[in-house]
Structure formats: C-alpha cells, structure tokens
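For reference, the structure is listed below as structure tokens.
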Amino acid sequence: MADKILMNKNSLATLKNELKEYESALPVFEMKEQQLKKAVESLENSIQKLEQSIEESRQKTKKWVAVMSEESVDLQQLAVVNRVKTNNREIAGVRIDVFSEIDFEEVKLDPLESPLWLDAAKEVISDQKTKYTMIEIERHNIELLREELAEARRMKNALKEVFIPETKQKIRKIEIYLGDVERLAIGCAKLVKKKKEKKKATL
Amino acid sequence: MMPGQLEYLISSLPYLPFGQTKEVRDKITTTFKKYAGAAETEKELIELFELEATKFLSPGAARTLRALDLEEMHHARFRESKNKVIATFAQYLYGLKVAVLKQRIPRRQFQKEWSQLEIPPFELAEGTPLEKEVQLMQLQWQKLETLASGHHFDLEALIIYKIKLMILDRWWQFNEEKGFRRFNQVIQDVYYGR
C-alpha cells in the first residue's frame, strides 16, 4: 500500500529535498555501473588472452608431450605451488586481488638420474600453472565485480524508474493541491470582502 | 647350459631395428608373447624376454641379464662390472649423462669428478625434448652396435639385445595421448582459491 502523502508545505519541502538527493545520486550509480562494466570487460579480455596463450603453449607442447607418459617421473612433484602473492586494488569500491607472483616449492632433482626432458616439462608446467592461477584470480575478481555491478544496476534502475518519477508525481500532486487551497482561500477572502462591503453600503 | 643353446636362443630372437613403428613393435611383442605362452601374455615386454632367455642360461648368466636396468645402467655397480660389455656401455652412458648435464646445470654445480671423465664428443641438435631424447637413445644404440662386433652367440650378445630392447621399450612407451592426459591433469591443479 502506498504511503499516504501529507498535503502540506512541509511534505512538499521534504519531497523536493529527496528528489534533489535522488537526482544527484543517479549519475554516481550510472558512473559506477560504467566503471564496473569496463573493469569486467577488461578482466574478461585478460582471461581470454591467458587462455589463448595457454592454448598456444599446449599446442607447442603437444609435439613432444609423449615423453610425459614416462611413468617413472612424477609430474605432480615438478611444480608444486607453494604460495601465490597478490596485491589489492580497488575498482569502484570493490577490492580485488591483483596477481603479483607465484612461488613453487623447490624441487631437488638429481639431474644425473632424471631424463633430459624433465627440464622442459618443469618449465612448461610451471608456466601453465602460473597462467591457470592468474585465470582463477581474475575469475574470482569478475565474480566480485559482477555482484557489485548488479547492485549498482539495481540502484540506478530503482532511482530512474521508481524513486525519481514517484517523488516527482507526489510533488506535483501536493503542488496542485496547495494551489487549489490557495485559490480557494483567495476566493473565500474575496467573497468575505465583498459581503463586508455590501453590508457597509446597506448600513 | 647345453652347447648350442645360446645360438638357438639368439637366432630365435626377433630382429630389433631402431624405430618406433607400430609394425615393428607389434611384431616383437607378438613373438615374445608367443614364446611365453598364453599364461604370461599380461607381462611386460622385458619380462617376457627375460622369461624366454633365462630358460637357456646358467643361473649366474641369468642373474647378470636380469640385473640390467636402463634407468640405473650408469651406476657404479654397472660401470665396475666384470663383464666388459656391461662396464663399457655403463661408462659410456655415464659419460653421456655428464655431457648432457653440462648443458643442463650451472657451471658452479658441475662436480670436479665429472670434469675428469672421458666424455663422448657429441652435440645435441636443436629440437623438441622428444627429439632430443630420441637423439640420446640413438647415440646409445650406436654404441651398442659398436660393442656388438665380435659378439654373435654369447652372453654379451644377449646383454646387448636386452639393452637395445630396453631402449626400444622406453621409446615405445612414449605415448602422445597418455602424455597429454598427464600433462593436463597436472597443469589444471591450481592453488588459488582453495
């Protein structure tokens, strides 16, 4: 049920203040929406580039990947992630992680006992793991930004479609009502004045 | 060991060419499976060969043959073997590994004892890690061919045959599909967010 509007000057002043606030908040949310949209697009592009680079590297590796079927070698141990270092960055009020560096556990391989291909495998696995980690970070960031983007959109739409038009409508109603009251008062005053003048004349 | 048994055994072994074609692989595997009989067909190629060869060898010779392991062939116990073929090949393999090491590790990590080794003159041609592995196997194969001269129907010939078979078996195990599957499993196992 819609709130009952008090048809007085105080209500009118309050509503006018509210409208002013809504109208100044709208561009803020519009700008926030734009910023977040741009940030999401940029992260999506960055993921696309990383995926492309992973694919290129995979195709290059495919030419010699057969050696990795050698079971005497534990591939998992070649590049075990020890720590992922990230920095914080703020985009339109959202704190996101920015990849800084990745530490792999030091693998002590006896080069005399390990096959030659292990060096190349270690390099390519570390590189791919780094890229997959970067993608994970960016995906997590996109999730955070999308949540905030949805909130900004909701607010923008609520202001644009509901709060501002409704407040304008209420203001219009009160202004019409107050105008009518004022005209009625003037009419009454004129009538009273006329009656008084008539009475004076008859006396 | 009956006289003539080694001749019989060695003559009955399939010829080993240096290559990775499916035909050669199938032919050799089928021959050894046939020799081993239906009960042993699940065994690995090297095991099948040993099963067949040891039937014709004295216990001591059988032990020597079974002990051969390509992954450990460069170890001191093989380099110092009384068998000249084993010792020569093991020393060559050790030298080859050290020569490769020179390219793999920083100079400061290169041990003093390695510098005194007689390193076979070779240079790995540019190529993928797979091509380089094949180059190394080919060098080992060539060494075995050199060592084979003068050994036709003796234990040394059988030793050379087994090492060649181990080299081929390693090469034949290189499988693109399996390697790619293992590679994919490893790279997608990422740390962040867990």
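Naming convention: chains lettered A, B, ... in sequence-line order (proteins, then strands); numbering from 1 in each chain. Since the structure is predicted, the reported quantities are computational estimates derived from the model, not experimental observations.
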If you define the side chain from C-beta out and look only at heavy atoms, does anything of Met68(A) sit under 4.5 Å from Phe180(B)? no
Below 4.5 Å, heavy atoms only, C-beta onward: do Phe183(B) and Arg58(A) meet side chain to side chain? yes
Those residues at least two apart in sequence (or on a different chain) that pass salt bridge (Lys or Arg N to Asp or Glu O under 4.0 Å) with Asp169(B) are none
Are more than 12 heavy atoms from other residues, nucleotides or ligands located less than 6.0 Å from atom [atom1] of [X]?
X	atom1	result
Glu126(B)	CD	no
Lys49(A)	NZ	no
Glu90(A)	CD	yes
Arg172(A)	CZ	no

Do Arg104(B) side-chain atoms and Asp119(A) backbone N/O form a donor-acceptor pair below 3.5 Å? no
Check whether Ser69(A) reaches the backbone of Asn175(B) with its side chain - one donor and one acceptor, N or O, closer than 3.5 Å. yes
Chain B-proximal positions within residues 19-42 of chain A [heavy-atom distance under 4.5 Å]: none
Here the pair of heavy atoms bringing Tyr132(A) nearest to Ile187(B) is CD1-O, 3.4 Å
Chain A heavy atoms under 4.5 Å from Glu133(B): which part of the residue, side chain, backbone, both or neither? side chain
Counting only heavy atoms closer than 4.5 Å, note whether Val186(B) contacts chain A via side chain, backbone, both or neither. both
So which pairs with a foot in residues 171-188 of chain B pass salt bridge (Lys or Arg N to Asp or Glu O under 4.0 Å), sequence neighbours left out? Glu71(A)-Lys178(B)
List the steps and the verdict of side chain to side chain contact (heavy atoms under 4.5 Å, CB included) for Glu71(B) and Glu113(A). CA-CA 8 Å; Glu71(B) 273 184 39; Glu113(A) 301 298 326; over 6 Å; no
Kindly write out the residues that satisfy side chain to side chain donor-acceptor pair (under 3.5 Å) with Glu70(A), not counting sequence neighbours, or none if the list is empty. Trp117(A), Arg170(B)
Please determine, among Lys63(A), Arg139(A), Gln76(A), the option with the most heavy-atom pairs under 4.5 Å with chain B. Gln76(A)
Please determine, among Ala120(A), Ser126(A), Ala79(A), Pro115(A), the option with the most heavy-atom pairs under 4.5 Å with chain B. Pro115(A)
Which region of Thr61(A), side chain (C-beta onward) or backbone (N, CA, C, O), has a non-hydrogen atom less than 4.5 Å from a non-hydrogen atom of chain B, or is it both or neither? side chain
Below 4.5 Å from any heavy atom of chain B, which atoms of Ser57(A) appear? Answer side chain, backbone, both or neither. neither
